[in-house]
Peer 1: 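Following this message is one structure expressed as structure tokens.
Below, all heavy atoms of this structure are taken into account, side chains as well, without hydrogens, waters or symmetry copies. Position 1 is the first residue of the sequence, and the numbers go up from there. This is a predicted model, so every value here is computed, not measured.
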Amino acid sequence: ALSWLVRATSMVETEIVSVERMKEFAELPPEPPLVIADSRPPPGWPSLGAVALEAVSLRYAPGLPRVLDSVSLCIAGGEKLGVVGRTGAGKSSLLLALLRLTDGELMEGRICVDDLDISRIGVGDLRSAVAVIPQEGTLFAGTLRFNLDPLGVRKSTRLNSSHANISYAV
């Protein structure tokens, strides 16, 4: 009876955690719009890939300390950049600010990509134009094609085997 009671209590606790998690998701503030019709970036944007942060300050939620504090930098188009630092230095926060993935908008400053302030465009337009190469690669369940183009935006092209330069090693 004691074993059954412990197991039942554990199952109830697990179910309650699921309910609490769903409640948290339901109460999340909505993201900014994916597309702002009268403020779409021009076709082919970004053409250069120049990024400028101007006195950017960011915190994850009201009352929390700033994770970025007056950060300014300019990255020329085509330039390669490595961001290094200790744990908690703000490396990931720079990327989250660039993709507008935080709960709130920037406290101060602005981020421009090819001289376009990214706060003025929809997050769908922004995120579809910026590519991120993660430190650790991940393949999801499905085909290689799905992993490379999960939204099905690109057309398939088949290579003729005589044109493919593939070698196999055993």
Peer 1: Please set out all donor-acceptor pairs under 3.5 angstrom arising from side-chain atoms of residues 109-119, sequence neighbours excluded.
Peer 2:
| from | atom 1 | to | atom 2 | distance (Å) |
| --- | --- | --- | --- | --- |
| R110 | NE | E54 | OE1 | 2.7 |
| D114 | OD1 | G49 | N | 2.9 |
| D114 | OD1 | A50 | N | 2.9 |
| D114 | OD2 | S47 | N | 2.7 |
| D114 | OD2 | L48 | N | 2.8 |
| D114 | OD2 | G49 | N | 3.3 |
| D117 | OD1 | S119 | N | 3.1 |
| D117 | OD1 | S119 | OG | 2.9 |
| D117 | OD2 | S119 | OG | 3.4 |

Peer 1: Output all residues satisfying side-chain contact (heavy atoms from CB on, under 4.5 Å) with V19, sequence neighbours left out; order by chain, then residue number.
Peer 2: none
Peer 1: Answer yes or no: is there a donor N or O on one side and an acceptor on the other, between the side chain of S72 and the main chain of A55, under 3.5 Å?
Peer 2: yes
Peer 1: Report the residues that fulfil side-chain contact (heavy atoms from CB on, under 4.5 Å) with E24, sequence neighbours left out, ordered by chain and then residue number.
Peer 2: none
Peer 1: Decide whether V56 and L64 are clustered together by the hydrophobic rule: side chain heavy atoms of Ile, Leu, Val, Met, Phe, Trp, Tyr closer than 4.5 Å, transitively.
Peer 2: yes
Peer 1: Any non-hydrogen side-chain atom of E108 less than 4.5 Å from a side-chain atom of R66?
Peer 2: yes
Peer 1: Is it the case that one hydrophobic cluster holds both L95 and L81, taking links as side-chain heavy atoms less than 4.5 Å apart, direct or via other members?
Peer 2: yes
Peer 1: Keeping S57 on the side-chain end and S70 on the backbone end, is there a donor-acceptor pair under 3.5 Å?
Peer 2: yes
Peer 1: In Å, rounded to the nearest 0.5 Å, how long is the span from CG of L96 to CZ of R100?
Peer 2: 13.5 Å
Peer 1: Write out all pairs satisfying side chain to side chain donor-acceptor pair (under 3.5 Å) with one or both partners inside residues 28-44, taking only residues at least two apart or from two chains.
Peer 2: E31-R127, R40-D125
Peer 1: Atom CG of L126 and atom CH2 of W45: how far apart are they, to the nearest 0.5 Å?
Peer 2: 5.0 Å
Peer 1: Once you round to the nearest 0.5 Å, how far does CG of L58 lie from CG of L94?
Peer 2: 9.0 Å
Peer 1: Within the distance-only criterion (no hydrogens, no angle test), does the side chain of K91 pair as donor or acceptor with the backbone N or O of R86 below 3.5 angstrom?
Peer 2: yes
Peer 1: Any side-chain heavy atom of T9 within less than 4.5 Å of one from W4?
Peer 2: no
Peer 1: Under 4.5 Å between side-chain heavy atoms, counting indirect links through other Ile/Leu/Val/Met/Phe/Trp/Tyr residues: same cluster for V130 and L151 or not?
Peer 2: no
Peer 1: Would you say the side-chain atoms of T14 pair up with the backbone N or O of S10, donor to acceptor, closer than 3.5 Å?
Peer 2: yes
Peer 1: For the atom pair CG (L106) and CG (L68), what is the distance rounded to the nearest 0.5 Å?
Peer 2: 8.5 Å
Peer 1: Is it the case that one hydrophobic cluster holds both L73 and L99, taking links as side-chain heavy atoms less than 4.5 Å apart, direct or via other members?
Peer 2: yes
Peer 1: In residues 136-146, what donor-acceptor pairs under 3.5 Å come from side-chain atoms, sequence neighbours left out?
Peer 2:
| from | atom 1 | to | atom 2 | distance (Å) |
| --- | --- | --- | --- | --- |
| T143 | OG1 | F146 | N | 3.0 |
| R145 | NE | S156 | OG | 3.2 |
| R145 | NH2 | R154 | O | 2.6 |

Peer 1: If I take atom OG from residue S93 and atom CG from residue D69, how far apart are they, to the nearest 0.5 angstrom?
Peer 2: 12.0 Å
Peer 1: Working to the nearest 0.5 angstrom, can you tell me the gap between L53 CG and I75 CD1?
Peer 2: 7.0 Å
Peer 1: Apply side-chain contact (heavy atoms from CB on, under 4.5 Å) to P33 and list each qualifying residue two or more places apart in sequence or on a separate chain.
Peer 2: I36
Peer 1: Does V83 belong to the same Ile/Leu/Val/Met/Phe/Trp/Tyr cluster as V132, with side-chain heavy atoms less than 4.5 Å apart forming each link?
Peer 2: yes
Peer 1: Is it true that atom CD of E79 has more than 12 heavy atoms of other residues, nucleotides or ligands lying nearer than 6.0 Å?
Peer 2: yes
